[in-house]
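The structure appears below as structure tokens.
Both counts, for ligands and for their atoms, begin at 1 and track the order of listing.
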Amino acid sequence: MNTVELHGVTKSFGRTRALTDVDLTFDRGVTGLLGPNGAGKTTLLRIVATSIAADKGRVSLLGRDPGGSHDDVTAIRRQLGYLPQELGYPGDMTAFGFVEYVAVLKEWNDRQRRLAEVRRVLALVDLAELATKRVTKLSGGQRRRVALAQALIGDPRILVLDEPTTGLDPSQRADLRRTLSVIANDCAVLLSTHQTEDVAALCERVVVLAGGTIRFDGPVADLIATAEGLVWLSDDPAPDALASWRTGTGRHHVVGGTPPLGSVATEPTLEDAYLLMLGADARNVRAPA
Ligand SMILES: Nc1ncnc2c1ncn2[C@@H]1O[C@H](COP(=O)(O)OP(=O)(O)OP(=O)(O)O)[C@@H](O)[C@H]1O
């Protein structure tokens, strides 16, 4: 039994098909989920987080059915942490107060144990010193860390993170990576992001979702290998490339298409491979600077 198993999962919102026949299983470690806007990432995460149900297919979390009995759902949710894409905060709550409020909802009824747990998760995300500050007075990155802290309550066995690095500065991102890499020793982490660097730095496995279907599922190194021989450095612009931009060195980084004369092949990055994997869709993914 895998910690998380999805078989043939399909989900629509009205006439919009968000996911079609998705198969995904994962266990301990960080699984990175990449995909362009509207690919279905948040929908997939919400299904794993038991926030919405699939229309079709089978979902098993910790060996239980999230659409099953009250006991099943409760048992899953006790071992699940979820960082949604957007989280609303009651206006006058402090960081500590907010995380404690979530702990109460998660039935941490013993006050002493609850306060200790809130202190623990706030320290994990390096917010101990800002615990008494109102959430609305914190920076975007600090608020994101409050959101992460609430997801870590109770050492979950499944952690679902929707764009956790949004708003974090480079050193905070490095801290988050360190924290997650330790947590992932005992936890199945599903992390959705637009940042290929986060996936390259943190994940062994990457899943690429586009148009509601899985386009790639495998080791990060295998996805990078698909771009071998398709990325070049060139002195000239490459109008026929899938993507190309002038780098800080003055040379052009060319991904796919026909390389200009005199181009030299260079090591592909995960981003290159991701752009190539999505092909024409990739033009909507990101405009490299
Ligand atoms: N609650 C909803 N009601 C109607 N349509 C929805 C709803 N949630 C998602 N969708 C639609 O389902 C599709 C997938 O959306 P989803 O938010 O899962 O994509 P995403 O990959 O997370 O996108 P992004 O990277 O922009 O956050 C989109 O077409 C979206 O408009």
Side-chain angles (χ1 to χ4, degrees), residues 4-26 30-59 61 66-67 80-88 140-141 143-145 147-148 151 158-168 173 176 180 188-203 205-218 220 223 243 270-289:
V4 175
E5 296 190 5
L6 279 73
H7 299 288
V9 163
T10 296
K11 177 75 187 174
S12 299
F13 297 99
R15 286 197 199 145
T16 307
R17 176 69 74 84
L19 293 175
T20 305
D21 212 10
V22 167
D23 290 322
L24 180 65
T25 60
F26 59 93
V30 188
T31 299
L33 183 61
L34 289 172
N37 289 136
K41 302 181 299 297
T42 295
T43 304
L44 180 57
L45 263 52
R46 290 179 70 200
I47 289 172
V48 176
T50 75
S51 139
I52 55 172
D55 298 335
K56 270 205 305 197
R58 198 165 62 74
V59 180
L61 305 170
L80 186 122
Y82 177 34
L83 168 68
Q85 203 166 30
E86 279 162 25
L87 197 54
R143 270 206 293 274
R144 208 69 194 130
R145 284 189 280 150
L148 178 63
I158 302 174
L159 188 56
V160 180
L161 304 175
D162 204 344
E163 301 189 27
T165 54
T166 307
L168 301 190
R173 271 164 73 174
L176 176 71
L180 287 181
V189 184
L190 182 61
L191 180 152
S192 162
T193 179
H194 286 288
Q195 311 293 330
T196 48
E197 315 94 84
D198 286 336
V199 175
L202 200 56
C203 308
R205 175 170 169 204
V206 57
V207 173
V208 179
L209 196 65
T213 61
I214 290 182
R215 301 279 180 96
F216 180 89
D217 179 0
V220 170
L223 180 51
L270 179 61
E271 181 174 84
D272 297 328
Y274 173 59
L275 291 169
L276 285 160
M277 174 71 48
L278 292 180
D281 296 348
R283 293 182 196 283
N284 302 322
V285 174
R286 179 175 172 189

Check this for me - ligand 1, [X], N or O atoms closer than 3.5 angstrom, yes or no?
X     : value
Arg46 : no
Ala39 : yes
Gly38 : yes
Phe13 : no

Quick one: does Thr50's side chain have a donor or acceptor within less than 3.5 Å of a partner on Ile47's backbone?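 Such a contact is absent between Thr50 side chain and Ile47 backbone.
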Is it true that a side-chain atom of Asp162 and a backbone atom of Leu83 form a donor plus acceptor pair closer than 3.5 Å? no
Where [X] and [Y] come nearest, the two heavy atoms and their spacing:
X      : Y      : result
Leu223 : Met277 : CD1-CE, 3.4 Å
Ala210 : Pro36  : CB-CD, 4.3 Å
Leu168 : Arg145 : CD2-CG, 4.1 Å
Val206 : Phe216 : O-CD2, 3.6 Å
Leu275 : Ala243 : CD1-CB, 4.1 Å

Contacting atoms of ligand 1, where contact means under 4.0 angstrom from a heavy atom of [X]:
X      : value
Gln85  : 27 (O)
Thr42  : 17 (O), 18 (O), 20 (P), 22 (O), 27 (O)
His194 : 25 (O)
Thr16  : 11 (C), 12 (O), 29 (O)
Lys41  : 18 (O), 19 (O), 20 (P), 21 (O), 22 (O), 23 (O), 24 (P), 25 (O)
Ala18  : 12 (O), 13 (C), 14 (C)

Can you find a non-hydrogen atom of [X] under 4.0 Å from ligand 1?
X      : answer
Arg17  : no
Gly35  : no
Ser192 : no

Contact bool for atom 30 (C) of ligand 1 (protein heavy atom, d < 4.0 Å): no
Please tell me if atom 27 (O) of ligand 1 is touched by the protein, where touching means a protein heavy-atom distance below 4.0 Å.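 At least one protein heavy atom is under 4.0 Å away.
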Going from OG1 on Thr43 to NZ on Lys41, what distance comes out if it is rounded to the nearest 0.5 angstrom? 9.5 Å
Does Asp21 have any salt bridge (Lys or Arg N to Asp or Glu O under 4.0 Å) partners at least two apart in sequence or in another chain, and if so, which? none
Contacts of Arg205 meeting salt bridge (Lys or Arg N to Asp or Glu O under 4.0 Å) (sequence neighbours excluded), chain-then-number -> Asp217
Taking the side chain as every heavy atom from C-beta outward, state whether Leu209 and Leu19 have any atom pair closer than 4.5 Å. yes
Just need the protein heavy atom nearest to atom 19 (O) of ligand 1, so name the residue and atom and give the distance. Gly40 N, 3.2 Å
Where is the nearest protein heavy atom to atom 16 (P) of ligand 1: which residue, which atom, and how far?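 In this structure, atom 16 (P) of ligand 1 has Thr43 OG1, 3.7 Å as its nearest protein heavy atom.
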